[in-house]
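Structure, as structure tokens:
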Amino acid sequence: MSIATKTVSLNLVLLGGPGAGKGTQAKRLETDFSLTHISTGDILRSEVVRETELGLKAKKYMDEGDLVPDNLIIKMVESEIERHSQEGFLFDGFPRTVGQAEALDDIIVIDKVIYLEVGREEAVRRLSARRVCENCGENYNLLFKRSSEEGICDKCGGSLYQRKDDKPEVIKERYDTFWDKTAPLIDYYVERELLTRVDGEQGPDEVYSRIRSILDILG
Ligand code: AP5
């Protein structure tokens, strides 16, 4: 599907449990709407690889499927926002607690929250089959999107690996963490009339079309 790039100054949040498709949709939205994509999961993984002070603190929470404490995350996102002068942010995996949402409201006005709804069974199916390039971060999936050569990235030739938190026991913890700590954000944003639900169990193109139609009305 070819879609012209559209520049908007909307600030968007993609909300959803593990494997809901936030990252997949964010990559397309970032390009098509010229938004600055802030994925707290990607930033944290890069901090872990570089063994920074933040990465060393975050690792144990991530490995266990728990959330990294709010104070660390909020400081990290604040500095990301400051680094980009351009308006129009796409938050992927942030906020994840009411505390984070309140902190974000103090910094920026959120225009829309898209909640990607995916059940536990589908999330486990997707995440158990996900493989990621250790070099460029490209995502593959043994069920839906295989690389041409087993274990090798089509884009850069890097090796593909399974995220440590994509093991079944950690996926379960992440899913429980979502319902325990992040799901209260559904009501938080419904009360502010910002949230629209999207059936995330459809294929990636169908999900994207639905999000696109929601944003076209806004922008
Ligand atoms: P993070 O990386 O954000 O993990 P997550 O939210 O669990 O998200 P995922 O990347 O697993 O799923 P996704 O919804 O992005 O789906 P994706 O598009 O990749 O966070 C990791 C950890 O960091 C957290 O557990 C926590 O410890 C910490 N952290 C991060 N942010 C934090 C915060 N704000 N506060 C505190 N701690 C934080 O797709 C998944 C798979 O499904 C892929 O293989 C894809 O190809 C496939 N797929 C996607 N869409 C579809 C579709 N429509 N149909 C079929 N397959 C699909």
Side-chain angles (χ1 to χ4, degrees), residues 13-30 37-49 54-55 57-78 80 90-104 114-133 137-147 160-168 170-183 185 198-211:
V13 170
L14 284 181
L15 182 66
K22 303 180 293 297
T24 302
Q25 298 301 326
K27 286 201 182 86
R28 293 179 72 169
L29 292 166
E30 145 182 50
H37 176 197
I38 297 185
S39 159
T40 43
D42 285 348
I43 300 169
L44 287 168
R45 275 184 290 280
S46 142
E47 299 278 341
V48 170
V49 168
L54 171 59
K57 284 183 187 157
K59 188 174 184 308
K60 72 176 162 76
Y61 298 99
M62 296 171 77
D63 286 351
E64 287 168 9
D66 199 357
L67 295 187
V68 176
D70 278 0
N71 60 328
L72 298 177
I73 294 290
I74 291 165
K75 210 166 130 202
M76 181 181 95
V77 172
E78 270 175 351
E80 273 302 302
L90 175 60
F91 296 99
D92 158 8
F94 177 88
R96 257 170 149 110
T97 63
V98 169
Q100 292 180 16
E102 288 171 346
L104 184 61
I114 306 284
Y115 171 34
L116 296 175
E117 294 186 282
V118 168
R120 180 191 287 255
E121 205 178 311
E122 175 65 8
V124 171
R125 201 169 78 95
R126 289 179 184 179
L127 294 179
S128 316
R130 170 165 58 187
R131 298 293 181 270
V132 184
C133 174
E138 182 71 5
N139 265 254
Y140 294 89
N141 195 291
L142 300 179
L143 300 173
F144 319 105
K145 187 190 164 192
R146 299 186 81 102
S147 58
L160 306 186
Y161 76 102
Q162 182 174 35
R163 267 170 54 173
K164 210 168 174 183
D165 62 352
D166 278 347
K167 307 272 186 217
V170 189
I171 298 173
K172 183 190 172 301
E173 288 304 322
R174 286 160 65 198
Y175 200 81
D176 290 347
T177 299
F178 173 78
W179 282 106
D180 187 26
K181 297 181 177 170
T182 305
L185 288 180
V198 169
D199 177 3
E201 297 214 3
Q202 303 296 309
D205 287 347
E206 287 82 359
V207 174
Y208 184 73
S209 299
R210 175 77 185 108
I211 297 175

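Each ligand, and each atom within it, is numbered from 1 in the order the structure gives. Just so you know, these numbers come straight off a predicted model, no measurement behind them.
Protein residues having a heavy atom under 4.0 Å from any atom of ligand 1 are Gly17, Pro18, Gly19, Ala20, Gly21, Lys22, Gly23, Thr24, Thr40, Gly41, Leu44, Arg45, Met62, Asp66, Leu67, Val68, Ile73, Gly93, Phe94, Arg96, Gln100, Arg126, Leu127, Arg130, Tyr140, Asn141, Phe144, Arg163, Asp165, Arg174, Gly200, Gln202, Gly203, Pro204, listed by chain and number.
Not counting sequence neighbours, Asp180 has no partner by the salt bridge (charged side-chain N to carboxylate O under 4.0 Å, His left out) test. Glu80 pairs by the side-chain contact (heavy atoms from CB on, under 4.5 Å) definition with Ile38, Ile43, Arg83, His84, not counting sequence neighbours.
Shown here for Leu15 and Pro95, the closest heavy-atom pair between the two residues is CD1-O, 4.2 Å.
Contact check for Arg174 versus Asp166: side-chain heavy atoms found under the 4.5 Å cut-off.
Between the Lys22 side chain and the Gly17 main chain, a donor and an acceptor come within less than 3.5 Å of each other.
Residue pairs meeting the salt bridge (Lys or Arg N to Asp or Glu O under 4.0 Å) criterion with at least one partner in residues 137-146, sequence neighbours excluded, are Glu138-Lys145, Glu138-Lys155, Arg146-Glu150.
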